[in-house]
Structures are given as structure tokens and as C-alpha cells.
Amino acid sequence: MSQQRMQGQPMIIMGDDAQRVKDKDAQEHNISAARAVADSVRSTLGPKGMDKMLVSSMGDITVTNDGVTILQEMDIDNPTAEMIVEVAETQEDEAGDGTTTAVAIAGELLKNAEDLLERDIHPTAIIKGYNVAAERAREEVDDIAIDVDPDDEDLVRSVAETSMTGKGSELNKELLSGIIYEAIEQISVAADDGSTVVDMESLNIETQTGRSVSESELLVGAAIDKDPVHDDMPSEVEDADILLLNEAVEVEETEADTQVSVDDPEQLQKFLDQEEEQLREKVDQIVDTGADVVFCQRGIDDMAQHFLAKEGVLAVRRTKKSDMEFLKNVLGAAIVKDLDAASADDLGTGSVTRDSDDELFYVESDSDEALGVTILLRGSTDHVVDEVERGISDALDVAAQAVTDGRVLPGGGAIEVELADRLRSFADGVEGREQLAVEAFADSLELVPRVLAENAGLDSIDTLVDLRAAHEAGDQLAGLNVFTGEVEDTFDAGVVEPAHSKEQGLNSASEAANLVLKIDDIISAGDLSTDKGEDEGAGAGGMGGMGGMGGMGGAM
């Protein structure tokens, strides 16, 4: 409880359950919470990174080393820690990959800022220095970046393979990177300014279990995991006119609950005949449009199924909304919501084939203007295919970013060491205490090669010394080969990252660190943490260590 005295009497400002942490204690609390989050994902970084097993309160198991997935699945209940999780989510939304790197750098920035705070450097000076350093680093990224030709298959595939290395999709990265390149090539369009735009809305990923990842493939068109609604319907239709319907082919229900009493079998038969006539009318409307195939988002009555089968129309019901939207792109068709207004103009044209082994419909458009490809991912189990899907989704995003943005960078920690070297030279010209913050920013970037070396079982200090020596000698593409432990030109070795991802990571990490450093007072309406276990007496700044997937103390 916080009080002020007014005319000799205490005035209550905060409730009994409220907590307030101020000044240095608040800074320590926030930095500890943020670093705990960053430390939790560090061991997943790089090709030699380890996986985490996440078990939800419902018993669902996720095995992954994807940074954003780990942080989203963890039961984090600390406001500062959640701010760092937002770094990963923003990185995922904007760049598609690099989430672990961004979070790790944010944690290291705060760790180095804590050292400066202990030397009585004011937070505003640190924040200003970090802002200057981040801006300079982004400029240097653009200077170092190497231009990408969208038609350079080897380079685009290298970007995808770099993203997949160390993940569940790594063993089949050559096959999958080829699929990714072909998919991006199919859905790339030229913008008015001559640049290339990758339309990711025209790409869909379907998964299947029970088969090897090496059997994954790219389909030009859509794959719909459904069965025909009637055994007498055709399973394949060439040169089909396809109707996408978002209206139930069922007897229309009354708006209000009604009860019908009949005292004559003829009345009941008449009532049933009217229902049949209503269904017959709906089927006739479908047939009148010229449709050979119907994908319906809603239900289809058994009687209507019979009528459609007699007309030779292939019908699929309960098609997922996402599949309907994708079919709309693939076929260039409209989604009809009212059969009364449906016409031949609403139909798309294409071929529909049935894979009886996979129990899938393959839908391919006849139009050259329609866009749409499907990556059919296969895996032995649900856990395997889910992790492969996460890996290939990230690889798709970064490869598309490389094609769209047109710039790439060497990986293996090369860019971080080069930026750190340039920032230290830049710091010599920065006046005041901000110079120390710029140097701290440079030190923070070198966390990436250090962690890459640690996760590969290498000596991080020796590795960093060798990398620094190579860059000081002018080799700005020198990075760590985690498989051999040697320092080499990682760009030539095919370890390539998109420049946009790196710029976004620098932005997210520096802004999150600055946001945390700006706070000097925490006022909570209740307990700052909900975990009342062994760490209850740790106080506001007592954050339990978070080694691996261990407890987060007060932050969890």
C-alpha cells in the first residue's frame, strides 16, 4: 500500500493487493525477466541447436526449435517477458524467420545495458546510444548486402536451405528447397515498377502422415482433402466447369420454431414432396449454371446428393473456408452465396482428378491468369509433419523476402561480426556517454557467433577471435562453419540470409530493449507473478533461471 499524509492523516492511493517496484529494483526486475525469455531459446539457435518439448495444460505435445513457437506455447505470465515475446511475433510476421536471433540480441542488449547502469550511465543515454547504433547498423546492412536476381535458382534455394538447416526439414532440404523455388516461381508476378512480387496468398500447404518427407511434392493447383458425397458420382472431370458454393443445398429451415400436425398420410406425403421439390429446384439451379463440379462450404442433403449424382455432377460438401478461398484464387471463380443469382459467369474452369491412395482431389485451372500452387508435405507422424511444416513455412517466407527485397547477406555470424567491427569504428566519432552504448550494441551483436559456436560444441572465445581477425583483415563475408569449426566465406558456402530479416531483427531487438530500459516504475494492481512456488520469496527482482525449458520463476 502506498500512502501520502494529508493534514496529518494518511491518504490511501493504492489497494492492499497492489505492488510497486521503483528505480533500480524495477530495472533489475525488467531486465531479469527479459533475459530469462532470451536465455530460454538461445540453445535452439543455429544448425546445431537443440529442440524443446512443450507440453500444454491439455497434454498436447509440440517438439520444435522454432523460436516464436516455443515462446507462444510457453505459459509466460510476466508483462516484461511478454514484451520480449512480442519481438519474436513481430519478427515472424514481418520477416518469417530470425525470431530466435532477434530475441537473443534483445536479451544481450539488456544484459550489456545493465553493466552500463551499474557504472551510473543514465538509461536515456543508453537508449540514445542504442538508437544511433541501430540506425547505423541498418545502413551498414544495406551497404554489405548482395543483390539477388529472382531467376538465380541456386541463390534462392540457398536462402531456403539456410533457413531449414537445423530444423526438422533439414534432412530433405535439397528436395524441399527445390519445391520452394518452383512454388515461388509459379506465384511471382511483375509489379508496375518492374520489381518482383511474390503472392503468398496463392500458395497453400497441405500435410499428410504415414509417408516419408522425401515424398513431398508441389502441385500446380489445389489439393482438397475430401470425398465425393455420393458413390455414383464421377471421381474425375476433365475440362470441368466448377461452382464454388457457400449456400447449403438443404431444405430451408424456418426462422421460428414451428410444429406441423397431420392427420392424413396424404398430407404427410404432400409435405415430403414439397421438401423434395425444394431440393430438386436447388439442384436444377446448379445444373442450369452448367456446373460439372460443386465444392460446397456447407451441407448437401442426402436427397440432393442423389439428384446431383443422377445429373452426373461431382459434389463435395463441408469444404473448409480456407480451401474455398484458395480455390477462388486457383480457378479465378466467384464464391456464390445465393443460388438464385448464380450464373455461368461465376464458374471457374479446370480439371478435377482423384487420388484414391491419398484420398485427395487435385484441382488444376485451365486459365493462364489464375494463380495457385499447393505444397503437399508428408511425414511419418503428426509431430514430424508439423515440425517440417514450420520449417518450410519459414523457408518460404525468407526465400520470398529475398526475391521481393532483392538483397541477401552471408550467414554463420558473418554479418554480426562485420557490423560489430564497423560499429566500434563508428563509436570513436560519437560524443558523450552514448559512445559506450554504441560499443555495448556492437558487443551484443557478437552474441550470435558465440552462441552458434557454443551450440556446436566449439570454443566460443576462440571462434570469436578468429572471426574478428578475418573481418579486420577485410574479409566481410567470413563466418563460422559449425560443421567443421572453420572460419570461411559463408556466402560461397551457401549460408545465405535475407537482408530484410536482419534489418527487422535489429529494429525489433533495439526497440524492445529501449522500451524496457525506459521503465523505472512498475505499478501492478496485483501480484507481479502468478507462480507462488519456491521463488515466492525472491522479491520483485528475483527471477528464477530459465535454463532450457525450466521454470521461469516469477516470470512464469
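For reference, positions follow the sequence shown, starting with 1. Below, all heavy atoms of this structure are taken into account, side chains as well, without hydrogens, waters or symmetry copies. Treat the numbers as computed from the prediction; the structure is a model and nothing was measured.
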Donor-acceptor pair, distance only, cut-off 3.5 Å: does the side chain of [X] make one with the backbone of [Y]?
| X | Y | answer |
| --- | --- | --- |
| His471 | Asp421 | no |
| Asn455 | Leu45 | yes |
| Gln401 | Glu94 | yes |
| Thr90 | Val87 | no |
| Asp489 | Asp492 | yes |
| Ser460 | Glu454 | no |
| Gln186 | Val373 | no |
| Thr162 | Gly494 | yes |
| Tyr130 | Glu434 | no |
| Glu439 | Arg424 | no |

Taking atom types as modelled and ignoring hydrogens, do the side chains of [X] and [Y] form a donor-acceptor contact shorter than 3.5 angstrom?
| X | Y | result |
| --- | --- | --- |
| Glu486 | Asn481 | no |
| Ser212 | Ser214 | yes |
| Ser202 | Asn329 | no |
| Asn65 | Thr44 | no |
| Thr463 | Asp466 | no |
| Glu206 | Thr374 | no |
| Thr99 | Glu92 | no |
| Lys52 | Ser43 | yes |
| Thr381 | His383 | no |
| Ser508 | Gln504 | yes |

Hey, mind stepping through Arg157 and Glu174 against salt bridge (charged side-chain N to carboxylate O under 4.0 Å, His left out) and telling me if it holds? CA-CA 8 Å; Arg157 289 183 64 170; Glu174 290 188 10; 5.8 Å; no
Is any side-chain heavy atom of [X] closer than 4.5 Å to a side-chain heavy atom of [Y]?
| X | Y | value |
| --- | --- | --- |
| Pro449 | Leu480 | no |
| Leu360 | Ile224 | no |
| Glu153 | Glu185 | no |
| Met164 | Ser177 | yes |
| Gln476 | Val417 | no |
| Phe483 | Thr165 | yes |
| Ile126 | Asn514 | no |
| Ile144 | Leu409 | yes |

Set out, in order, the CA-CA distance, both residues' side-chain angles and the distance that settles side-chain contact (heavy atoms from CB on, under 4.5 Å) for Val141 and Leu419, then state yes or no. CA-CA 8 Å; Val141 165; Leu419 288 177; 3.8 Å; yes
Looking at [X] and [Y], what are the two nearest heavy atoms and their distance?
| X | Y | answer |
| --- | --- | --- |
| Ala493 | Glu488 | CB-OE2, 3.3 Å |
| Ala478 | Leu467 | O-CD2, 3.8 Å |
| Val385 | Gln208 | CG2-O, 3.8 Å |
| Val148 | Ala402 | CB-O, 4.0 Å |
| Ala442 | Ala420 | O-CB, 3.4 Å |
| Ala160 | Ile180 | CB-CD1, 4.0 Å |

First locate atom [atom1] of [X], then atom [atom2] of [Y], and finally report the distance between them rounded to the nearest 0.5 Å.
| X | Y | atom1 | atom2 | answer |
| --- | --- | --- | --- | --- |
| Lys173 | Ser158 | NZ | OG | 9.0 Å |
| Ile146 | Leu155 | CD1 | CG | 8.0 Å |
| Leu477 | Ile415 | CG | CD1 | 9.0 Å |

Let me know which of Asp386, Leu377, Val384 forms a side-chain contact (heavy atoms from CB on, under 4.5 Å) with Thr207.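 By the side-chain contact (heavy atoms from CB on, under 4.5 Å) criterion, Thr207 pairs with just one of Asp386, Leu377, Val384: Leu377.
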Stepwise side-chain contact (heavy atoms from CB on, under 4.5 Å) test for Ile105 and Leu445: CA-CA 6 Å; Ile105 290 176; Leu445 294 179; 4.1 Å; yes
May I ask you to decide whether [X] forms a salt bridge with [Y], counting only side-chain N to carboxylate O separations under 4.0 Å?
| X | Y | result |
| --- | --- | --- |
| Lys167 | Asp51 | no |
| Arg407 | Glu503 | yes |
| Arg390 | Asp97 | no |
| Lys320 | Glu325 | no |
| Arg378 | Glu217 | yes |
| Glu446 | Arg450 | no |
| Arg422 | Glu139 | no |
| Glu416 | Lys502 | yes |

Could you check Ile31 against Leu517 for side-chain contact (heavy atoms from CB on, under 4.5 Å), going step by step and ending with a plain yes or no? CA-CA 8 Å; Ile31 291 173; Leu517 289 173; 4.3 Å; yes
May I ask you to check if Arg354 and Phe361 form a cation-pi contact, with NZ or CZ under 6.0 angstrom from the six-membered ring centre and within 45° of the axis?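 Positive - Arg354 is close enough to the ring of Phe361 and near enough to its axis.
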Is it true that, when you exclude Met50 itself, more than 12 heavy atoms of the residues, nucleotides or ligands shown sit nearer than 6.0 Å to its CE?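 Counting neighbours around CE of Met50, 12 or fewer heavy atoms of other residues, nucleotides or ligands fall under 6.0 Å, so no.
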Decide yes or no on side-chain contact (heavy atoms from CB on, under 4.5 Å) for Glu359 and Lys226, but give the supporting numbers first. CA-CA 7 Å; Glu359 297 184 343; Lys226 287 289 182 180; over 6 Å; no
